[in-house]
Amino acid sequence: MNYDFKTIEKKWQDKWVSEGTFFAENDSKKPKYYVLIEFPYPSGMGLHVGHPRSYTALDIVARKRRLEGYNVLYPIGWDAFGLPTENFAIKNKIHPKKVTHDNIARFRKQLQSLGLSFDWSREVDTTDPEYYKWTQWIFLKMFEKGLAYKKEMSVNFCTSCKVVLANEEVVNGVCERCHSEVIRAQKSQWMLKITEYAQRLLDDLDDVDYIERVKIQQRNWIGRSTGAEVKFATSAGDNLVVYTTRPDTLFGATYMVISPEHPLIDKWSDRLTNMDAIRAYQKEASKKSDFERSEVAKDKTGVKLEGVTAINPVNGREIPIFVSDYVLMSYGTGAIMAVPAHDERDYDFAKAFDLPIIEVVAGGDVTKEAYVDIANGVMINSGFLDGLKVQDAIKTIIEWLHEKGLGEPKVNFKLRDWVFSRQRYWGEPIPIVKCEKCGYVAIPESELPLRLPEVESYEPTDTGESPLALMTDWVNTTCPHCGGPAKRETDTMPQWAGSSWYFLRYMDPHNHDALASPEALKYWNSVDWYNGGMEHTTLHLLYSRFWHKFLYDIGVVPTKEPYKKRTSHGMILGEGGEKMSKSRGNVVNPDEIIDEYGADTMRLYEMFIGDFEKAAPWSSESIRGCKRFLDRVFGLYDMITDGDGYSPKLEAAMHKTIKKVTNDIEILKFNTAIAALMSLLNEIYAKKSITRGELKTFLILLNPFAPHITEELWSMAGFEGMIAGQSWPGYDEQKTVDESIEIAVQVNGKLRGTIKIAVDSSQEDALKLAYENEAVKAAVDGKKIVKEIYVKNKIVNIVAK
RNA sequence: GCCCGAGUGGCGGAAUUGGUAGACGCCCGGGACUUAAAAUCCCGUGGGAGCAAUCCCGUGCCGGUUCGAGUCCGGCCUCGGGCACCA
């Protein structure tokens with residue numbers, strides 16, 4: 001009989017849908033388990049072979065949990081607002097709503113053909129007004145609590161298109177489409193105060209089970225540092241306040257640097273005699289992004305302020321002030337004290353501008369490079385700090401600054417507030433109006449959802465406003481507070497908004513009265529296992545944790561953290577090891593793979609391709625091995641013999657394989673779990689028979705990986721029900737342990753032979769056998785035995801001279 | 001530049017706390033079956049020397065710790081992810 005995957009896969013996919021096999025229940029007696037993958041952005045390119053890697057992995061987890069007796073929620077939805085859809089709509093003159101609808105239809109069909117056990121009755125779509133009603137509602141709550149505010153921020157502005165550009169649309173400093181110059185323009189933007197949650201976002205990482213590199217990345221992104229804010233008097237009268245993590249090096253501060261956007265520049269414009277040069281420098285700096293500005297490799301640039309100097313508070317010395325773009329207004333106070341002897345960037349700048357370098361921490365050679373070691377350094381040239389270790393000097397100087405009223409200890413975060421405005425059409429409208437009398441006023445909750453109006457053109461206006469600004473009928477409204485004339489906010493929300501809480505909506509997706517009912521939120525609690533790409537580690541993951549904590553604070557959700565466990569998968573690359581992209585022409589279409597080999601082979605290959613956590617190149621040759629394996633699995637039908645138990649020949653292998661597959665799935669070792677199943681199949685083929693009991697276990701173990709073929713064989717063999725209704729097999733630890741093992745014998749660390757000994761043999765027995773080995777005899781012949789090492793069940797090593 | 005990862009046969013990869021490097025699969029070679037081919041099945045397969053038993057070399061590079069290092073430490077090199085308006 002042939003393995004006709006097309007017929008088999010269609011048959012079981014239809015059956016799962018018609019029987020509602022994978023529906024999650026909100027009031028089950030079983031323990032719950034919530035499995036989550038990052039919902040896709042339905043791009044016009046269709047599904048990428050990278051998507052199923054994560055989806056199949058957690059589908060395996062979901063299916064295994066069901067077999068282990070859990071009520072499993074494994075949902076799917078669409079993160080459908082965003083720039084690419086809008087740009088496609090503009091280019092092809094099709095409404096983004098239509099583009100989104102078509103893309104979703106295609107993605108849905110493609111995902112269904114993979115046999116993923118999603119609960120399709122809970123599908124969500126961030127662009128559905130019934131969904132974004134609650135995205136807007138959360139924003140209103142944040143506004144109400146003072147977490148949303150307006151601030152002047154710099155944006156990329158194309159001088160030719162006259163539109164605000166996303167960072168991605170700026171390529172090498174010019175507009176991606178028209179190649180014109182892009183400048184940094186100032187624009188008033190809605191901001192969310194994620195910084196208010198910085199400490200909690202950091203602290204609560206200790207309570208969640210995220211893979212370590214995700215935690216490290218989040219901690220570094222939040223970037224907590226301790227130091228001091230120090231006041232420097234200036235000749236202009238104003239104090240210049242700096243933030244420093246190294247107040248111990250204050251005696252070595254030989255100049256100061258302020259960022260080009262620093263407000264004191266304008267204030268001092270009358271006193272500054274070289275204002276033209278400063279203005280020109282500000283203009284140049286405004287063209288660069290923060291990223292370009294912080295590149296150390298570049299030559300340091302800057303302009304000295306002529307007419308205003310500062311006083312170093314510890315020694316009263318007059319020092320110059322520079323403006324330079326390596327100091328960012330968005331971090332600290334936008335001003336630094338420069339200690340060239342002990343900071344690399346300051347060192348480079350001092351060399352470029354021929355400024356004095358005073359060593360205040362001994363231990364390095366500051367004539368050659370900055371000495372930045374804080375563990376071993378000892379203070380010198382620093383008055384009352386001399387002789388102290390760096391850490392003690394920091395404490396001493398902070399106390400001294402505090403007593404003199406010159407400075408205070410200060411905790412700083414790298415994390416910045418979230419820029420929440422987009423001057424774009426295809427996003428959630430921000431539900432705020434601006435009233436001349438009352439200022440920014442929230443629209444009443446009863447008016448939610450504030451629907452995205454139909455517009456003629458989705459292109460941003462040439463003033464840099466969102467296309468919504470042209471909809472005067474929609475923009476002009478009345479103030480909900482005073483009833484006077486008011487204008488609606490025309491900016492929309494970023495794509496991140498809808499994805500910051502979608503996992504909550506899955507819990508109760510059709511609720512009209514709340515984002516989800518309190519009962520559903522309580523029952524499903526938090527996500528048990530969330531898998532996604534490393535590229536979402538800092539932004540999406542942090543944003544959604546922030547929103548969740550806010551919802552916890554206002555009593556909507558019962559947990560402080562949204563995700564109990566977070567894992568990450570590597571990318572699937574093109575055949576040549578490069579990233580798959582249209583321009584490289586190396587994109588693999590999953591539809592073609594499924595058509596040629598079937599969904600089960602596709603799933604199996606995606607899991608067998610390599611280490612789940614690492615990137616792996618696609619191989620159109622290797623996938624054949626997975627197809628061959630399934631062909632052989634299908635061939636088991638012709639080898640079935642009677643017997644509900646395991647045959648003596650296969651018993652140990654069965655128990656070992658159950659143990660291996662059971663454990664490997666939990667630690668993301670899908671590739672080695674499959675390898676174990678392949679080895680077991682090889683043993684069955686060598687024996688040319690399989691008992692009904694062995695077949696049952698084999699099919700259940702393979703089912704999460706290849707659900708269609710295993711259900712088919714289950715049914716062909718005449719077993720009752722579906723595998724989906726069975727239990728995960730157990731194993732007997734005793735039966736996984738061999739009675740005797742082969743261990744290595746080394747002489748001077750070099751392998752000379754192996755011996756077969758009973759498990760847990762004594763050193764005496766092991767050495768006796770080892771010396772009987774011919775190669776070992778030869779290797780120690782005529783030498784003096786210096787040392788004999790025996791590690792139980794591992795190795796014998798004889799050191800001979 | 002900053003933060004985080006990763007480098008193992010011709011290829012994808014495997015290898016409890018440091019303990020027989022190369023499981024499993026691909027490719028390739030040989031054989032069986034076939035008029036023939038495909039498919040399938042069996043065997044071989046890190047590199048080098050040797051008729052052979054066997055020996056030497058080998059986990060990006062340089063150095064260190066250890067009876068023993070793919071694994072630990074120090075210093076590099078290369079590649080990938082992120083850098084706040086792509087998602």
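Within every chain, numbering begins at 1; the chains are lettered A, B, ... in the order of the sequence lines, protein sequences first and strands thereafter.
Interface remark: the A/Gln423 side chain does form a donor-acceptor pair with the B/rC85 base, using a distance-only criterion of under 3.5 Å. Between the side chain of A/Asn797 and the base of B/rC67, a donor-acceptor pair under 3.5 Å is found.
For A/Asp664 and B/rC24, the CG to P distance is 15 Å, given to the nearest whole Å. With rounding to whole Å, A/Met571 atom CE is found 19 Å from B/rC4 atom P. Rounded to whole angstrom, the span from the OH atom of A/Tyr543 across to the P atom of B/rA84 amounts to 9 Å. Taking atom NE2 of A/His569 as the reference point, atom P of B/rG5 lies 18 Å away to the nearest angstrom. Put simply, OH on A/Tyr210 is 17 Å from C1' on B/rC4, counting in whole angstrom units. In this entry the distance linking CG of A/Leu539 with P of B/rC3 reads 18 Å, nearest Å. Between the CZ atom of A/Phe670 and the P atom of B/rG12 there is a distance of 22 Å, given to the nearest Å.
Looking at A/Trp501 and A/Thr135, their side chains do bring a donor and an acceptor atom within 3.5 Å of each other.
Of the charged side-chain nitrogens involved, at least one lies within less than 4.0 Å of a carboxylate oxygen, so that A/Lys656 and A/Asp738 count as a salt-bridged pair. A salt bridge is defined here as a Lys NZ or Arg NE, NH1 or NH2 lying under 4.0 Å from an Asp or Glu carboxylate O, and A/Lys187 with A/Glu465 meets this definition. Salt bridge absent: A/Arg422 and A/Glu86 never bring a charged side-chain N and a carboxylate O closer than 4.0 Å. Electrostatic pairing of A/Arg184 and A/Glu261 does not count as a salt bridge here, judged by no charged N lying under 4.0 Å from a carboxylate O. Contact check on A/Asp631 versus A/Lys627 returns a salt bridge, with a Lys/Arg side-chain nitrogen under 4.0 Å from an Asp/Glu carboxylate oxygen. Salt bridge absent: A/Glu38 and A/Arg53 never bring a charged side-chain N and a carboxylate O closer than 4.0 Å.
Residues in residues 791-801 of chain A take part in these side chain to side chain donor-acceptor pair (under 3.5 Å) pairs, two or more places apart or across chains: A/Asp760-A/Asn793. Every pair passing side chain to side chain donor-acceptor pair (under 3.5 Å) that includes a residue from residues 670-685 of chain A is listed here, sequence neighbours excluded: A/Arg632-A/Asn682, A/Asp664-A/Thr672.
A/Asp631 comes within contact range of no nucleotide atom at all, as no heavy-atom separation falls under 4.0 Å. No contact: A/Ser619 has no heavy atom under 4.0 Å from any strand. Residue contacts for A/Glu621: at a heavy-atom cut-off of 4.0 Å it reaches the sugar-phosphate backbone alone, with no base atom in range. Across all strands, A/Ile609 comes closer than 4.0 Å only to sugar-phosphate atoms, never to a base (heavy-atom distances). Nucleic acid contact class of A/Arg624 (heavy atoms, under 4.0 Å, all strands): sugar-phosphate only.
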Expected string for nucleotides 42-57 of chain B under the B/S/- scheme (protein heavy atoms, under 4.0 Å, primed atoms plus P, OP1, OP2 as sugar-phosphate) is -------------SSS
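Ring centroids of A/Phe420 and A/Phe139 are separated by less than 6.0 Å, placing the two rings close together.
Between A/Glu168 and A/Leu573, the residue whose closest nucleotide on RNA chain B is further toward the 5' end is A/Leu573. In this structure, A/Glu212 and A/Pro40 both approach RNA chain B, and ranking their closest nucleotides by distance from the 5' end singles out A/Glu212.
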List, with names and distances, any nitrogen or oxygen atoms from the protein found under 3.5 Å away from nitrogen or oxygen atoms belonging to nucleotides 7-11 of chain B.
{"unit_1": "B/rG7", "atom_1": "OP1", "unit_2": "A/Lys614", "atom_2": "NZ", "d": "3.4"}

Restricting both atoms to N or O, compile the protein contacts to nucleotides 20-22 of chain B shorter than 3.5 Å, with distance only.
{"unit_1": "B/rU20", "atom_1": "O4", "unit_2": "A/Glu742", "atom_2": "O", "d": "2.7"}

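Close to B/rC24, at under 4.0 Å from its OP1 or OP2, lies no side-chain N or O of A/Asn682. Dashed line: the shortest gap from a side-chain N or O of A/Arg422 to OP1 or OP2 of B/rC85 is under 4.0 Å. Distances shown here put every side-chain N or O of A/Asn748 at or beyond 4.0 Å from the OP1 or OP2 atom of B/rC67. Not one side-chain nitrogen or oxygen of A/Asn793 sits closer than 4.0 Å to the OP1 or OP2 atom of B/rG19. In this model, the phosphate group of B/rC26 is approached by a side-chain N or O of A/Arg628 to a distance below 4.0 Å at OP1 or OP2.
Taking a pair as Watson-Crick or G-U wobble with both distances under 3.5 Å, the runs of three or more consecutive pairs in RNA chain B are B:1-7 with B:77-83, B:10-12 with B:24-26, B:28-32 with B:40-44, B:46-49 with B:54-57, B:60-64 with B:72-76.
Looking at the side chain of A/Ser679, the nearest of the listed nucleotides B/rA14, B/rC24, B/rG81 is B/rC24. For A/Ile216, the side-chain atoms get nearest to B/rG5 when compared with the rest of B/rG19, B/rG5, B/rA87. The side chain of A/Asn220 has B/rC4 as its nearest neighbour among B/rG19, B/rC4, B/rA84. The side chain of A/Pro84 approaches B/rC86 more closely than any other nucleotide in the set B/rA15, B/rC24, B/rC86. Listed nucleotides B/rG81, B/rC85, B/rA87 differ in distance to A/Asn167; the shortest reach to its side chain belongs to B/rC85. For A/Thr672, the side-chain atoms get nearest to B/rA15 when compared with the rest of B/rA15, B/rC85, B/rA87.
One P atom belongs to B/rU8, the other to B/rC79, and the distance between them is 14 Å to the nearest Å. Taking atom C1' in both B/rA84 and B/rC3, the straight-line distance is 13 Å, to the nearest Å. When the P atom is compared between B/rG9 and B/rG47, the two are found 12 Å apart, to the nearest whole Å. The same atom, P, is picked in B/rG5 and in B/rG74; the two are 14 Å apart, to the nearest Å. Across the C1' atoms, B/rA37 and B/rA32 are found 15 Å apart, a figure rounded to whole Å. Taking atom P on both nucleotides, B/rA21 is separated from B/rG46 by 14 Å, rounded to a whole Å.
Taking A/Asp343 as the reference, A/Arg345 meet the salt bridge (charged side-chain N to carboxylate O under 4.0 Å, His left out) condition, with sequence neighbours excluded. Under the rule for a side chain to side chain contact (heavy atoms under 4.5 Å, CB included), the partners of A/Gln495 that lie at least two apart in sequence or sit in another chain are A/Asp79, A/Ser499. Shown here are the side chain to side chain contact (heavy atoms under 4.5 Å, CB included) partners of A/Glu666, two or more places apart in sequence or in another chain: A/Lys64, A/Arg65, A/Trp529. Annotation: side chain to side chain contact (heavy atoms under 4.5 Å, CB included) contacts of A/Glu621 (sequence neighbours excluded): A/Ser619, A/Arg624. For A/Glu212, the side chain to side chain contact (heavy atoms under 4.5 Å, CB included) partners are A/Lys215, A/Ile216, A/Arg219, not counting sequence neighbours. Taking the salt bridge (charged side-chain N to carboxylate O under 4.0 Å, His left out) definition, one finds that A/Glu575 meets it with nothing, sequence neighbours left out.
Using a 30° and 60° split on the angle between ring planes, A/Tyr605 and A/Trp618 fall in the perpendicular class, above 60°.
In this entry the base of B/rG9 is syn relative to its sugar, with a glycosidic angle within 90° of 0.
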